[in-house]
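Here's the structure, in structure tokens; my notes come after.
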Amino acid sequence: MIQSNPPLMHHYGALLRNSGEPKQAKSFNLQNPSAVDACDLPLIDLAALKSSNERDKKACTAAICKAASEWGFFQVVNHGISHDLLRKMRNEQMKLFEVPFEKKITCGLLNNPYRWGTPTATRSTHFSWSEAFHIPLTMISEAASWGEFSSLREAINEFAPAMLEVSRLLASILAQNLGYPKDAVEKLCDAGTCFLRLNHYPCCPKSKEEIFGLVPHTDSDFLTILYQDQVGGLQLMKDSKWVAVKPNPDALIVNIGDLFQAWSNDEYRSVEHKVVANDKMERYSVAYFLCPFNNTVINGCKGPSVYRKFTFGEYRHQIQEDVKKIGHKIGLSRFKL
């Protein structure tokens with residue numbers, strides 16, 4: 001048995017045995033990197049939003065809305081978050097994941113937001129070779145919850161407000177394009193409703209065709225902002241094909257979530273994406289999820305609604321139930337009229 005921190009191989013092997021699947025899974029051929037084209041996501045310079053030239057401002061906002069409609073993903077540079085703060089966040093994240101597995105699952109940090117593998121998986125196609133701390137940002141101000149990880153708390157206390165500012169700026173532009181007031185998203189999402197997810201993808205000794213780093217999924221929020229390292233591995237669905245996202249050291253990656261797709265009546269796209277496993281290098285990323293209050297009602301903005309009205313809390317509950325019953329998320333299709 002190959003030992004790892006966390007013991008992902010043990011979990012994966014048990015999953016294969018209990019599910020009765022063949023040891024060499026055949027259903028992952030779409031994950032083969034040799035069969036995936038690399039893509040350059042739309043790259044948007046947010047400095048134009050502060051320009052005195054109205055034409056430049058309008059071109060920038062139009063590019064954001066176009067990318068949200070055609071790709072569901074885009075990159076932003078000159079976003080206002082310093083490289084020093086990004087490096088600080090990455091260093092603290094790496095120190096956290098270097099802690100022994102036994103300590104990560106017992107340290108009690110922030111009411112145990114630590115996750116590894118996929119406990120609900122019933123098949124290998126539902127299994128993710130990764131670990132994460134999914135942190136509710138309501139708790140970052142509670143110093144007692146952090147124990148010995150006070151320097152991580154300090155980094156997140158700087159990082160989270162900076163990500164909130166960028167996410168609100170982009171969400172405001174996208175909302176206004178749909179006809180919503182400028183402050184519509186700001187009223188629905190505040191610093192306490194959002195989440196930060198620290199991701200670590202350990203080296204995977206199995207072949208890349210067998211195991212996902214993170215299984216294909218869409219995000220359940222309004223908007224996600226991702227800060228990733230230069231290892232690569234993120235892929236998204238474009239024109240019914242998987243395409244690999246080239247890492248850009250100066251850019252943050254932005255993607256539309258399910259709530260924005262429903263809010264926009266499908267004008268914006270919440271696109272399926274995944275992370276491929278890597279047998280040579282470990283990978284780190286930090287995701288900021290712009291989420292509303294649980295009682296926020298999601299209803300289409302224009303014309304006949306594509307989806308029935310639902311609250312964010314109802315949507316989260318339905319996803320949890322689907323994962324328990326069938327091992328994966330179904331998502332917006334359950335709410336279509």
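Because only heavy atoms are used, hydrogens play no part in the values below, and waters and symmetry mates are left out as well, while side chains stay in.
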(request) Might you point out which heavy atoms bring Gly300 and Ser305 nearest each other, and give the distance in Å? (result) N-OG, 3.9 Å
(request) State which residue, out of His200, Glu131, Lys104, Glu102, fulfils the side-chain hydrogen bond (donor to acceptor under 3.5 Å, both in side chains) condition with Asn5. (result) Lys104
(message) Less than 3.5 Å apart, any donor N or O on the side chain of Glu154 or Ser150 sitting next to an acceptor on the other?
(response) no
(message) Test: side chain to side chain donor-acceptor pair (under 3.5 Å). Region: residues 86-101. Which pairs qualify, not counting sequence neighbours?
(response) Asp84-Arg87, Lys88-Glu158, Arg90-Gln93, Glu92-Lys95, Glu92-Ser151
(message) Do Glu282 and Asn278 pair up side chain to side chain, a donor and an acceptor below 3.5 Å, judged on atom types alone?
(response) no
(request) Answer yes or no: is there an ion pair linking Arg334 with Glu321, defined by an N-O contact shorter than 4.0 Å? (result) no
(message) Treating Thr193 as the side-chain partner and Phe293 as the backbone partner, does any N or O pair qualify as donor plus acceptor under 3.5 Å?
(response) no
(request) Apply salt bridge (Lys or Arg N to Asp or Glu O under 4.0 Å) to Glu54 and list each qualifying residue two or more places apart in sequence or on a separate chain. (result) Lys57
(request) Sequence neighbours left out, what passes salt bridge (Lys or Arg N to Asp or Glu O under 4.0 Å) with Glu165? Give chain and number order. (result) none
(request) Each residue besides Val297 in its hydrophobic cluster should be listed here, by chain and number; the cluster joins Ile, Leu, Val, Met, Phe, Trp and Tyr at side-chain heavy-atom distances under 4.5 Å. (result) none
(request) Would you check if Leu223 and Leu174 make a side-chain contact, meaning some heavy-atom pair closer than 4.5 Å? (result) yes
Below 3.5 Å, can you tabulate the donor-acceptor pairs from side chains in residues 244-260 to any protein atom, sequence neighbours excluded?
from	atom 1	to	atom 2	distance (Å)
Asn248	OD1	Asp250	N	2.9
Asn255	ND2	Asp219	OD2	3.0
Asp258	OD1	Thr218	OG1	3.0
Asp258	OD1	Ser270	OG	2.7
Asp258	OD2	Thr218	OG1	3.3
Asp258	OD2	Tyr315	OH	2.6
Asp258	OD2	Lys329	NZ	2.6

(message) When you compare the side chain of Cys194 with that of Phe289, does any pair of heavy atoms fall below 4.5 Å?
(response) no
(message) Is the terminal nitrogen or CZ of Lys274 (NZ for Lys, CZ for Arg) located under 6.0 angstrom from the six-membered ring centre of Trp242 and within 45° of that ring's axis?
(response) yes
(message) Suppose the criterion is side chain to side chain donor-acceptor pair (under 3.5 Å): which pairs have a residue in residues 60-74, not counting sequence neighbours?
(response) none
(request) Kindly give the heavy-atom pair with the smallest separation between Val215 and Phe127, and that separation in Å. (result) CG1-O, 3.4 Å
